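Each remark here refers to the structure printed beneath this line.
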Amino acid sequence: MSLKRKDLLSLATLSLDEIALILETADSFKEVTGREIKKVPALRGKTVVNLFFEPSTRTRTSFELAAKRLSADVINFSPSSSSVVKGETLLDTARNIEAMQADIIVLRHSSAGAAETLARGVKSSVINAGDGWHEHPTQALLDLYTIRGRGMGFRGLRVAIVGDVAHSRVARSNIYALTKLGAEVRLVGPPTMMPCGVEKLGVKVYSDMDKGLCGVNVIMMLRLQLERQGRALFPTIREYARLYGLTAERVKLADTGAIVMHPGPINRGVEIAPDVADSLSSVILDQVANGVAVRMGILYLMSEAG
Ligand code: CP
């Protein structure tokens with residue numbers, strides 16, 4: 001089985017069958033990540049290039065680990081020590097990397113649409129590892145995998161996505177994925193951080209966090225993305241934390257057994273209280289662990305498609 005597409009760019013364009021195939025493929029690689037020798041030869045002879053124009057801890061590391069566990073050759077390209085600083089464009093950089101027989105390029109970029117532009121310009125497969133405010137498809141897939149791993153079905157699942165939705169590519173990918181799968185998605189946050197007309201995507205919007213969390217099965221917190229906000233969208237961080245920070249008291253408003261998610265990096269004491277981040281209901285580190293298996297599945301399926 002393979003994905004019948006050259007690139008993985010968004011959840012908006014991924015079908016339910018493709019989502020199911022990725023999650024099922026991740027299951028077999030999850031077993032590999034639990035072995036003493038965490039390596040299989042599935043991508044032997046293939047080359048994966050991590051092309052990250054923005055900082056990353058989780059995504060870059062887990063793509064590297066995933067590719068290495070599949071026995072691929074991995075190049076971590078660092079724009080700051082490359083000819084990008086001499087003015088080389090993204091497309092020229094990628095075409096030069098491609099000329100060295102790269103099979104898969106994993107791209108993170110600050111511009112929405114960068115991955116799609118690159119995919120049109122190169123023959124290698126392109127995986128979007130986050131493009132501006134647009135999408136972060138592999139994050140949403142590992143989020144789905146983590147929810148499913150907790151024994152939760154998606155149809156009718158109540159999910160609150162809380163915080164700076166407007167600047168969040170993670171929120172956008174999860175909205176596309178979860179609504180497609182039949183979940184009830186609530187967006188919770190200040191009106192200044194809510195995209196205009198977002199209800200058209202089939203979600204409910206709440207500015208009152210306590211109401212938005214009432215009875216949900218999943219609380220997905222978002223980082224306050226101060227670096228993406230051109231102007232102050234909230235009076236003070238303290239005020240934001242008071243109105244939209246996830247505390248242990250607020251978790252009690254959710255359904256019994258609700259899980260707390262966060263794509264990371266977390267701002268402790270801002271969008272999430274430290275005791276909640278470290279609580280038994282938190283699956284934040286499970287998300288990170290699952291990221292390796294899900295990305296192994298994606299790399300495998302992309303290499304089969306190519
Ligand atoms: N979740 C996520 O994308 O984290 P990084 O920015 O560390 O990759």
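All values derive from a computational prediction rather than experimental measurement. Just so you know, ligand 1 is whichever comes first in the structure, and atom 1 is the first atom listed for that ligand.
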Does ligand 1 have any N/O atom under 3.5 Å from a protein N/O, and what are those pairs and their distances?
residue  : atom  : partner : partner atom : Å
ligand 1 : 1 (N) : Q139    : OE1          : 3.0
ligand 1 : 1 (N) : P263    : O            : 2.8
ligand 1 : 1 (N) : G264    : O            : 3.4
ligand 1 : 3 (O) : T59     : OG1          : 3.0
ligand 1 : 3 (O) : R108    : NH2          : 2.9
ligand 1 : 3 (O) : H136    : NE2          : 2.9
ligand 1 : 4 (O) : R58     : NE           : 3.0
ligand 1 : 6 (O) : R108    : NH1          : 2.8
ligand 1 : 7 (O) : T57     : N            : 2.7
ligand 1 : 7 (O) : R58     : N            : 3.0
ligand 1 : 7 (O) : R58     : NE           : 3.1
ligand 1 : 7 (O) : R58     : NH2          : 2.9
ligand 1 : 8 (O) : S56     : OG           : 2.6
ligand 1 : 8 (O) : T59     : N            : 2.9
ligand 1 : 8 (O) : T59     : OG1          : 2.6
ligand 1 : 8 (O) : R108    : NH1          : 3.4
ligand 1 : 8 (O) : R108    : NH2          : 3.3

field: Where F63 and A129 come nearest, the two heavy atoms and their spacing
entry: CE1-CB, 4.3 Å
field: Between Q287 and T146: side-chain donor-acceptor atoms closer than 3.5 Å
entry: no
statement: Taken in chain and number order and not counting sequence neighbours, the residues that satisfy side chain to side chain donor-acceptor pair (under 3.5 Å) with T247 are none
task: Evaluate the ring planes of H167 and W133, with Trp represented by its six-membered ring, and classify them as parallel (under 30°), tilted (30 to 60°) or perpendicular (over 60°).
output: perpendicular
- prompt: What residues form a salt bridge (Lys or Arg N to Asp or Glu O under 4.0 Å) with K200, not counting sequence neighbours?
  reply: none
message: Please enumerate all residues that pass ring pair (Phe, Tyr, Trp, His ring centres under 6.0 Å) together with Y240, with sequence neighbours excluded.
response: F234, Y244
